[in-house]
Amino acid sequence: MFVYGTLLAGESNHAWLKGASCLGRWTTPPRFTLTDLGPYPVLSSGGRTRTAVTGEVYRISRLILQRLDVLEGYPADYQRRLIDTPWGRAWVYLRASAPAGRPLHHGDWRRRPLAHRAFYPLRGKQLGTGSHTE
């Protein structure tokens with residue numbers, strides 16, 4: 001699984017990856033748009049400018065994948081696509097087109113403006129029982 005936002009180590013939803021193995025940090029080729037929506041980012045394959053996105057790649061179990069599908073609202077909110085990484089193919093959650101929001105042209109969620117790093121409550125229910133997007 002390639003993660004790029006709130007699932008990153010040290011971010012608010014990282015606990016959803018409990019039991020997964022981090023394979024490493026990686027930056028995609030410039031094929032995506034990363035949009036800052038405040039409490040979370042959205043990765044999309046659409047958009048006028050393409051960005052290389054920085055994130056982490058994890059080896060996950062089927063159970064973790066099922067839980068992440070709930071968190072990400074798959075398939076209603078997000079699509080899941082396989083992308084090539086240095087460790088092999090990995091799933092990534094994305095939307096077909098970029099939503100309204102601030103594009104992160106540098107492609108790194110951790111470099112978002114300080115004002116957007118405030119605590120945001122989860123949308124929906126808590127860990128393991130609800131829905132909140134990446």
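Start at 1 with the first residue, then count along the sequence.
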*asked:* Is it true that D69 and Y93 share a donor-acceptor pair across their side chains at a distance under 3.5 Å?
replied: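 Judged by distance alone, the side chains do pair up.
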
*Any side-chain donor near an acceptor of the partner, S12 and T6, under 3.5 Å*: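 Looking only at side-chain atoms, T6 and S12 do not form any donor-acceptor pair under 3.5 Å.
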
*Find out whether the Lys NZ or Arg CZ of R95 is both under 6.0 angstrom from the six-membered ring centre of Y78 and within 45° of the ring's axis.*
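Geometry flag: set, cation within 6.0 Å and 45°.
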
Beyond-backbone contact of [X] with [Y], side-chain heavy atoms, under 4.5 angstrom:
X    : Y    : value
L68  : L17  : yes
Y4   : T27  : no
P30  : T51  : no
L94  : S44  : no
Y58  : S21  : no
L43  : T33  : no
P113 : R102 : yes
R80  : V92  : no

Non-hydrogen atoms of [X] and [Y] that approach each other most closely:
X   : Y    : answer
W16 : R67  : CZ3-O, 3.4 Å
L37 : A100 : CD2-O, 3.0 Å
R31 : R50  : O-NH1, 3.3 Å
A20 : I64  : N-CD1, 3.7 Å

*Please check if atom CZ in R59 has more than 12 non-hydrogen atoms from other residues, nucleotides or ligands closer than 6.0 Å.*
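No, the 6.0 Å shell around CZ holds no more than 12 heavy atoms from other groups.
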
*For R62, does the CZ atom sit with more than 12 other heavy atoms under 6.0 Å from it, leaving out its own atoms?*
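Result for CZ/R62: open.
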
*Out of L7, L8, L23, which residue meets the side-chain contact (heavy atoms from CB on, under 4.5 Å) rule with E56?*
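Testing each of L7, L8, L23 against E56, the sole residue satisfying side-chain contact (heavy atoms from CB on, under 4.5 Å) is L8.
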
*Would you call D36-R112 a salt bridge at under 4.0 Å N-O?*
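Looking at D36 and R112, the cut-off is not met.
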
*Apply the test ring-ring contact (aromatic ring centres under 6.0 Å, His included) to residues W26 and F2: give CA-CA distance (whole Å), side-chain angles for both, the deciding distance (0.1 Å), then the verdict.*
CA-CA 9 Å; W26 180 64; F2 175 71; 5.5 Å; yes

*Is there a donor-acceptor pair under 3.5 Å between the side chain of S45 and the backbone N or O of F32?*
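No: the side chain of S45 does not pair with the backbone of F32.
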
_Would you compute the distance between atom CG of L65 and atom OH of Y74 and round it to the nearest 0.5 angstrom?_
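Taking CG in L65 and OH in Y74, the distance rounds to 8.5 Å.
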
